Amino acid sequence: MKRIALLKERQAGNAGSPASTATGSHCPVSGLWSPDHDPHTVLSFFEGHVFPAFDGVPTVWRRRAAAN
């Protein structure tokens with residue numbers, strides 16, 4: 001059976017996750033992401049989701065910092 005990580009363990013593990021990834025890659029961590037060529041667009045992706053192309057063009061997706 002797969003072990004469910006505790007919240008603190010997941011947060012510690014997310015500290016080293018990449019801040020950017022390309023179209024076709026799996027989302028490393030749930031959160032807000034923006035396409036590289038349009039930083040004003042912000043989309044929400046869940047961990048494991050495959051990043052899509054943006055406006056029909058492959059792009060690099062960058063993780064947005066959480067607003068406090």
Side-chain angles (χ1 to χ4, degrees):
M1 180 181 291
K2 186 175 179 181
R3 180 178 173 273
I4 298 174
L6 299 174
L7 180 59
K8 287 183 181 181
E9 290 174 352
R10 289 185 58 93
Q11 289 173 338
N14 291 343
S17 45
S20 66
T21 188
T23 294
S25 300
H26 290 272
C27 181
V29 62
S30 298
L32 300 175
W33 295 78
S34 294
D36 206 23
H37 63 275
D38 188 0
H40 298 293
T41 298
V42 180
L43 299 172
S44 177
F45 292 104
F46 292 103
E47 184 177 344
H49 183 90
V50 177
F51 283 108
F54 184 73
D55 284 339
V57 180
T59 189
V60 171
W61 290 91
R62 301 210 178 269
R63 186 163 184 231
R64 301 293 297 240
N68 293 330

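Note that the structure is a prediction, hence the values are computed from the model and not measured.
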> Distance from Asp38 atom CG to Thr59 atom OG1, nearest 0.5 Å?
Replying inline: 9.0 Å

> In terms of ring plane angle, is the pair Trp61 and Phe45 parallel, tilted or perpendicular, where the classes change at 30° and 60°?
Replying inline: perpendicular

>> For a 4.5 angstrom cut-off between non-hydrogen side-chain atoms, does Val42 reach Ser34?
In response: yes

> Any side-chain heavy atom of Ser20 within less than 4.5 Å of one from Asp36?
Replying inline: no

> Side-chain heavy atoms under 4.5 angstrom apart, residues restricted to Ile, Leu, Val, Met, Phe, Trp, Tyr: same cluster for Leu43 and Val29?
Replying inline: yes

>> I need the minimum non-hydrogen distance between Ala53 and Pro58, along with the two atoms involved.
In response: CB-N, 4.0 Å

>> If I take atom CZ from residue Arg63 and atom OG1 from residue Thr21, how far apart are they, to the nearest 0.5 angstrom?
In response: 12.5 Å

> Any link between Phe54 and Trp33 through a network of hydrophobic side chains (Ile, Leu, Val, Met, Phe, Trp, Tyr) touching at under 4.5 Å?
Replying inline: yes

>> Within this structure, what is the OG-CZ distance for the pair Ser44 and Arg64, rounded to the nearest 0.5 Å?
In response: 12.5 Å

> How close do Pro39 and His37 get, heavy atom to heavy atom, and via which atoms?
Replying inline: CD-C, 3.8 Å

